[in-house]
There are 2 protein chains.
Amino acid sequence: MQKEITIYDIAERLGVSATTVSRALNDNPRINKKTREKVHQLAKELGYRHNTLAANLRKQQTKTIGVILHEVNSYFATSVLAGIEKVTTPENFDILITHSAETAEREKANVKNLINKRVDGIIVSLAMHSHDIEHFAPVFDREVPLVFFDRVLQGAECTKVVIDNFQGGYDATNHLIGQGCKKIAHITGDLDLNVYMDRYKGYQKALKDHKIKLNKELVKVCGLNKAETTQAVTEMLEHQPDAFFIPSDFAAAVCMEILHNKGLRIPEDIAVFGFNNDMLSDLITPKLSTIDYPGFLMGEMAAKTLIEQIKLRRKNKNVKDHTIVIPTEIILRESSVRKTAKPKR
Amino acid sequence: MQKEITIYDIAERLGVSATTVSRALNDNPRINKKTREKVHQLAKELGYRHNTLAANLRKQQTKTIGVILHEVNSYFATSVLAGIEKVTTPENFDILITHSAETAEREKANVKNLINKRVDGIIVSLAMHSHDIEHFAPVFDREVPLVFFDRVLQGAECTKVVIDNFQGGYDATNHLIGQGCKKIAHITGDLDLNVYMDRYKGYQKALKDHKIKLNKELVKVCGLNKAETTQAVTEMLEHQPDAFFIPSDFAAAVCMEILHNKGLRIPEDIAVFGFNNDMLSDLITPKLSTIDYPGFLMGEMAAKTLIEQIKLRRKNKNVKDHTIVIPTEIILRESSVRKTAKPKR
DNA sequence: TTATAAATTGCAATCGATTGCAATTTTTTT
DNA sequence: AAAAAAATTGCAATCGATTGCAATTTATAA
């Protein structure tokens, strides 16, 4: 392997200074056009590659955004990443993706790592079991721009991008009630998380608005994975619900499979409502009613906000925290729409 | 924002040299235990954060692996990433993920970017429309370890991790024939790609072994997205096939929906066979028979091989290219198993 | 007590690009 | 032709950690 070519090598061969080479490669107008061309030409010939490390060290900025995801294995996660990328690519930011596998320890290690790498900003969706944001202290101390999205900590003073989970929960429940359902089971995730809590609140509000008393027996918290959902649904069936509102399409699909195996008709006997509008919700039979969760848009908004903050920070202007709420959309499909019900609108 | 603390700051306060601080922080046994502890203690107090950029520049290694994916939006991609991560995390390598959105230009830009960032090695799955590997020249010139996986270029001399696509295609087709199918339609992707070509060859071989003549009208290449698949399937139905072997679970699911809408029974009227064993194949009705595509294992193998090569390279030993073939597994579910057929074993 | 070995610490160069300031050269103006 | 302005280039310091080699201190052996 030959030694890497540096600007000094180019400078020497051309009989100019490294300064000039550096400027030429950056197309600095201060350098004569002819010189610039000569430099570019030779750089190409020699197979010169810019050393980002050295440049970043000197410039004290990396043009890199760190992303901490609680999990990557989902359509939602990839949508968010795609949204982030759409914004960062044209702005020439790279993204460094880490994931915390739902644990606070991994999250902490990721924060540390990203700071060590001197990322210019961080986008985070909190891990399931991350109940405080103390481990973000190094980020706040350094005033590294930070945007939380989706899974956020209620109350914390920081910039957040969230969707209107309350409204989503309300719309889903309201729709089910409109279909004649009266005993709506709600199997959901950890209520310490804003996303599940807000949906639950929406569920409660809808019941209240229709003067249906909340029955705690119909509400069950679980991990929303296949095993736990299976158990939760099976247990719940003893209370004979006439609908399931499960704010996770995957878990709702698992639920539907169980109902199917028991010979229960969907939606005639039991209606099912999911959340997220995952790819699969449109492919299973019957198709699953759900709430569209615009991951792509969320990623876009988070990245856009973050980049704004990064730019402000460079100018030493101070940044004020704010919260962006993205509206949801209800998507009605076969799993919850009873033929006998009057069409809405 | 206060200035970042460096080893010099710590050195000054402790009245020792920066060398000692650096060594102490790295737990170098050459430094007295007490000194080490003092350094660690003060570093913690001052909120010192190691500057990875500076260290990497000096050490001429980044402990980072670049990953170029043709697309990130799939269960397969996330499985591969998870597999890679399983290997890299304990070895303290970070991963830098880029995606080429199936275009050769983006792929080229990504290669350049990763080289500029001085990653220690690269793992690549080629973009759909990347028909040569000339743009990897900068990688080869520098002898940066490189492992191709899944989508590889046939013939090229480099290390590859692939699965046995031929066997998968053969097994799927063979199974369908065993179920009594005689007109097996094959809707597949770009045959320039090894993955689709090999599956197609397996399909052909199975037909041949059962003395069924290949009917080109039953073979159709398309993009395997929803729109193109819909069109291909609709057209194909005019030839009245008794089975669809579509080597993509998503496209197979789209196909099933069309068949369902036309009132065709699966598998009685038409059997359907997918490829990948995606999450959704187990959730749709009827459940989809498929070939398990062990993305996680693939990621693991690719990362393991790459790290071996990186280590060899550091010792200046030369690396020899090799190909790792991962076996597939056939997964039989409702969409292809006819009740009337004799159960296999 | 002196010689030798082992432990501990530091000097100074290095990794490669960037940039404020100054110097030099060229062009334009008077 | 001299003075002023504009264009072009270079010097040298800087970013922060690492490391080969040497120096110093401490412990052990003779």
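Just so we're on the same page: letters track the sequence lines, and every chain starts at 1.
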Check: Arg23(B) side chain, dG20(D) base, donor-acceptor under 3.5 Å:
yes

Measure CZ/Arg118(B) against P/dG16(C) and give the value in whole Å, please.
8 Å

Can a donor-acceptor pair under 3.5 Å be found between the side-chain atoms of Thr19(A) and the base atoms of dA12(D)?
yes

From the candidates dA17(C), dT18(D), dG16(D), the one with an atom nearest any side-chain atom of Thr6(B) is dG16(D)

For dA17(C) and Tyr48(A) - does any side-chain N or O of the residue sit under 4.0 Å from the phosphate oxygens OP1/OP2?
yes

Separation of dG16(C) C1' from Leu53(B) CG (nearest whole Å)
12 Å

Can you figure out which of dT9(C), dG16(C), dA17(D) approaches the side chain of Leu57(A) most closely?
dG16(C)

Measure NZ/Lys59(A) against P/dA17(C) and give the value in whole Å, please.
12 Å

Winner on side-chain proximity to Ser17(B), out of dG10(D), dT18(D), dC11(C), is dC11(C)

NZ of Lys63(A) versus P of dA17(C): gap in Å, rounded?
19 Å

Check the distance between dG10(C)'s C1' and Asn32(B)'s CG and give it to me in whole angstrom.
15 Å

So that I can tick it off, tell me whether Glu71(A) and Arg151(A) are bridged by a salt bridge, with the cut-off set at under 4.0 angstrom between side-chain N and carboxylate O.
no

Between Glu91(B) and Lys63(B), is a salt bridge (Lys or Arg N to Asp or Glu O under 4.0 Å) present by the stated rule, with each step listed?
CA-CA 9 Å; Glu91(B) 293 270 357; Lys63(B) 275 280 192 170; 5.4 Å; no

Can you check the Arg58(B) CZ to dT19(D) P distance for me, whole Å?
6 Å

Any luck finding a side-chain donor-acceptor pair between Ser17(B) and Thr20(B) under 3.5 Å?
yes

Select base, sugar-phosphate, or nothing to describe what Thr35(B) touches, counting heavy atoms under 4.0 Å on all strands.
sugar-phosphate

Which nucleotide in dG10(D), dG16(D), dT18(C) has an atom nearest any side-chain atom of Thr20(A)
dG10(D)

Whole angstrom value for the distance that separates P of dG16(C) from CG of Asn26(A)
17 Å

Compare side-chain N and O positions of Gln60(A) against OP1 and OP2 of dG16(D) and report whether any pair is under 4.0 Å apart.
yes

May I ask you to say what Val21(A) touches in the nucleic acid, namely base, sugar-phosphate or nothing, with a heavy-atom cut-off under 4.0 Å?
nothing

Between Asp120(A) and Arg313(A), does any NZ, NE, NH1 or NH2 come within less than 4.0 Å of an OD or OE carboxylate oxygen?
no

From the list Ile65(A), Val124(A), Leu306(A), Ile122(A), side chain to side chain contact (heavy atoms under 4.5 Å, CB included) partner of Val147(A) resolves to Leu306(A)

Rounded to whole Å, how long is the line connecting atom CD1 of Ile7(B) with atom P of dT14(C)?
18 Å

